[in-house]
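A short worksheet on the structure shown next.
We use all heavy atoms of the structure for the numbers below, so side chains are in, but hydrogens, waters and symmetry mates are not. A, B, ... follow the sequence lines: proteins, then strands. Residue 1 opens every chain. The structure displayed is predicted, hence computed values, not measured ones.
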Amino acid sequence: MNVKSRIYAEPQPSAGELLAWYDRHHRDLPWRTSPPMAAKGLRANPYHVWLSEVMLQQTTVQAVKPYFLKFLERWPTVIDLARAPTEDVMAAWAGLGYYARARNLKKCAEAVADLHGGIFPDTQEGLQSLPGIGDYTSAAIAAIAFNRQAAVMDGNVERVVSRLYAIDEPLPGAKPLIKARVADLTPAGRPGDFAQAMMDLGATICTPKRPACALCPFNGHCLALRDHDPEQFPVKAAKKAKPVRLGAAFVALDQQNRILLRKRGDKGLLGGMTEVPTTEWTARIDGDDTEASAPLSAHWQPKGVITHVFTHFELRLTVFLAQSIKVQPSGADHGWWEPLINLEAQALPTVMKKVITQAIPEAFAARR
DNA sequence: AACACGGGGGG
DNA sequence: CCCCCAGTGTT
């Protein structure tokens, strides 16, 4: 920045302006200690902050709320979570996505319970040594639960800051530059409120499309607003096309209305989750091979195709149903027969709920 | 540095 | 339909 623009630029944005806005407009969220309460010295519970932050990774506030309340009711402390069966945690997480988070959540709870006496580390370094806690989450917990002056940067903050300074370098390359700006802005007092204020601002005012700049506490300092079009920031690197994968899924019911289920391996896609048997998911499907790869010999009835979009590919599964199967004692490989009435308690990812609903429309509507 | 990893809501 | 989201771990 040259001398002239330094002289004539607007005064720098300050944390105080944002905190004043936050005091008036902050959202009331289940894991949050409101600014008035925080001012009276009530500190947020590190367990609550950690649980919410892990759930909020790449996930919207709206989606997280019910899961957060359910987890807290079922496992009130990190010790309770550490002692819970992993299958229960996976089943409770089902539907939230990114299931490595649930596996790491359990590992992290065990580490805190067994290695730290049930007390979360209170530094960013200590927190980041735990499973599932990276750059963002360690900074967020350190700032929000322990009042540390940590620079919290997520997708919202990247957008706000890239607009504030009209940063034209594309993401993710611009992250170090943005992080430095965030560190400069983060105040020693109320760093947790500042972080949450930045994220609230990004979620409600400085939105990806049609930002409400007229309502923004930073609208006197925003270079993207003054000199450009805020909607053009942040600049992002081009993304690649999604390939399609195909396969078949088999819904088998026995004579007692039980469904054949399997557990997926602990690593990789949908790791540790429950599924119905399927073929491999490949670029092309061999029609003659489909029947042969069914989990057992039966009258397989085609029930249509479901589509599910993952982060990096689109999956189309042809669904087959077989009913009134006589279960052979040593029949299913690695699977088990689960009464349909228990489906709700299984760790079924959304794609598998789609498959089962396609074959048995009333499968998940039966209760209540 | 690039890739793998879910799911849902908004425009 | 496309975009994005309170990112982390692996390679």
Touch class at under 4.0 angstrom, heavy-atom based, for [X] against every strand present:
X         : answer
Pro131(A) : sugar-phosphate
Lys240(A) : sugar-phosphate
Thr137(A) : sugar-phosphate
Tyr136(A) : base
Gly268(A) : sugar-phosphate
Trp93(A)  : nothing
Lys267(A) : nothing
Leu29(A)  : base

Would you say a side-chain N or O of [X] is under 4.0 Å from OP1 or OP2 of [N]?
X         : N      : value
His308(A) : dG6(B) : no
Tyr98(A)  : dG9(C) : no
Gln58(A)  : dG7(C) : yes
His312(A) : dC5(B) : yes
Arg159(A) : dC5(C) : yes
Thr350(A) : dG7(B) : yes

Would you confirm whether Asp80(A), through its side chain, and Thr77(A), through its main-chain N or O, come within 3.5 Å as a donor-acceptor pair?
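Yes, Asp80(A) side chain to Thr77(A) backbone: donor-acceptor pair under 3.5 Å.
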
Which residue lies toward the 5' end of DNA chain B, Gly271(A) or Pro172(A), if each is placed at its nearest nucleotide?
Pro172(A)

What interatomic distance, in whole Å, is found between C1' of dG6(B) and the corresponding atom of dC3(C)?
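One C1' to the other, the span is 15 Å.
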
The nucleotide from dG6(B), dA6(C), dC3(C) with an atom nearest the side chain of Thr311(A) is dG6(B)

Verify whether one side chain among Arg101(A) and Gln57(A) offers a donor that lies under 3.5 Å from an acceptor in the other.
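Judged by distance alone, the side chains do not pair up.
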
Hey, which of these two, Asp135(A) or Lys209(A), hits DNA chain C nearer its 5' end, going by closest nucleotide?
Lys209(A)

